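Reckoned from all heavy atoms, side chains included, excluding hydrogens, waters and symmetry mates. If you're wondering where the values come from, they're calculated on a predicted model, not measured in any experiment.
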Amino acid sequence: MDVDVGTARVVYETPDGVERVEVDNEHVAFVDEHWVVVEPSGEADEGTVTRIPRDRVYRVERSTEEVTSRARDLLDEATSKLG
């Protein structure tokens, strides 16, 4: 099953100004006081990993409508089967 997990947008400060990056939700995580962003760059290449210190991040926006909608559909389906 291929489920759309939504997207995440990270807005953060760099030495050159404010940067914005948008990736799938599954490519963003908070680990050891850093936001970790994996940007896939092709089929053969695993991509680029960027660690952004928490204090340089202005905001992280996550879109989860598709996941919420799919979870609701699965719950409704299970409820109707159980009865």
Verify the cluster assignment for [X] and [Y]: are they in a single hydrophobic cluster under the rule of side-chain heavy atoms below 4.5 Å apart?
X: I52; Y: V38; result: no
X: V11; Y: V57; result: no
X: V60; Y: V21; result: yes
X: V37; Y: F30; result: yes

Exercise. Between E61 and R59, is there a side-chain N and carboxylate O pair less than 4.0 Å apart?
Worked result: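 Looking at R59 together with E61, the answer is yes, because their closest N to O distance falls below 4.0 Å.
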Exercise. Within a radius of less than 6.0 Å around CG of D55, do more than 12 heavy atoms belonging to other residues, nucleotides or ligands occur?
Worked result: yes
Seminar exercise, completed: The reported gap from CZ in R51 to CD in E33 (rounded to nearest 0.5 angstrom) is 10.5 Å
For this session: Locate the shortest heavy-atom distance separating N25 from S63; write the atom from each residue and the value.
Result: ND2-O, 3.0 Å
Problem set entry | Side chain proximity check, V36 to V49, heavy atoms < 4.5 angstrom | yes
Exercise. Does the pair R62 and V28 meet the rule for a side chain to side chain contact (heavy atoms under 4.5 Å, CB included), with working shown?
Worked result: CA-CA 10 Å; R62 290 184 171 214; V28 176; 3.2 Å; yes
